[in-house]
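Each remark here refers to the structure printed beneath this line.
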Amino acid sequence: MRALQLHTNVILDFGFWSKDERSSLKWFARQIGAKSQVIYLPIDPETQRKRVQNRFAETPDQTWPMSEEELTKWRAFFHEPDEAELHGIVLEDAPQGYASWPAWAASRWPSLPDEYA
């Protein structure tokens, strides 16, 4: 968040598994006055598996082993962005049961600093 406030280009590659996560982070960027864009690079399961194996073989100190079962389980949690999301057209209200995106984000990411929650 601080990097965005300083108008530094930032690439986030974690926390974008669901539309709610992506919408929340886009909402925060807008509040800070930063531009944001979702870029989705699809990957098929076989290529993903090979990349995971290569990463672990080449830089084991920067990753951890991931089984095929784990990759399959994690893939099921991912919600592919639709065309509207990719074009930045839709920024939906906070999910039902939450008064705002900061309330949702504080619930989703308990370590979110209070200044943003």
Q.
A side-chain contact here means heavy atoms from C-beta on lying under 4.5 Å apart; do Leu4 and Leu6 qualify?
A. no
Q. Under 4.5 Å between any side-chain heavy atoms of Trp109 and Glu21, yes or no?
A. yes
Q | Nearest heavy atoms of Ala105 and Phe28, plus distance in Å | A | CB-CE1, 3.5 Å
Q.
With a 4.5 Å cut-off on side-chain heavy atoms, are Trp101 and Gln31 touching?
A. no
**Q.** Centroid separation Trp27 to Trp104 less than 6.0 Å
**A.** no
Q: Indicate yes or no: at least one non-hydrogen side-chain atom of Arg51 is less than 4.5 angstrom from one of Ile43.
A: yes
Q. Can you find a heavy atom in the side chain of Leu12 that is under 4.5 Å from one in the side chain of Val10?
A. yes
Q) What distance do Glu85 atom CD and Glu80 atom CD have between them, rounded to the nearest 0.5 Å? A) 10.0 Å
Q) Taking the side chain as C-beta and beyond, is there a heavy-atom pair between Trp17 and His79 under 4.5 Å? A) no
Q) Is the CG atom of Asn9 crowded by more than 12 outside heavy atoms at less than 6.0 Å? A) no
Q: Report the C-alpha distance between Asp20 and Ser23 in whole Å, list the side-chain angles of each, state the deciding distance to 0.1 Å, and finish with yes or no for side-chain hydrogen bond (donor to acceptor under 3.5 Å, both in side chains).
A: CA-CA 5 Å; Asp20 287 347; Ser23 295; 5.6 Å; no
Q: Working to the nearest 0.5 Å, report the span between OG of Ser67 and CH2 of Trp74.
A: 7.0 Å
Q: Give a yes or no on whether Asp93 atom CG has more than 12 heavy-atom contacts from other residues, nucleotides or ligands under 6.0 Å away.
A: no
Q: Can you measure from OG (Ser24) to CG (Leu112) and round to the nearest 0.5 angstrom?
A: 8.0 Å
Q: Measure the CG-OH distance between Leu86 and Tyr40 for me, rounded to the nearest 0.5 Å.
A: 9.0 Å
Q) Would you say the side chain of Met66 lies within less than 4.5 Å of the side chain of Arg55, judging by non-hydrogen atoms? A) yes
**Q.** CD on Glu58 to OG1 on Thr63, rounded to 0.5 Å
**A.** 11.5 Å
Q | Residue pair Ala103 / Ala99: nearest heavy atoms and the distance that separates them | A | CB-N, 4.4 Å
**Q.** Under-4.0 Å salt bridge between Glu70 and Lys73
**A.** no
Q) Do side-chain atoms of Thr59 reach the backbone of Gln62 as a donor and acceptor pair under 3.5 angstrom? A) no
Q. Within a strict 4.5 Å, meaning less than it, do heavy atoms of the Leu71 and Arg75 side chains meet?
A. yes
Q. Of the non-hydrogen atoms in Ser36 and Lys26, which two are nearest, and what is the gap between them?
A. OG-NZ, 3.4 Å
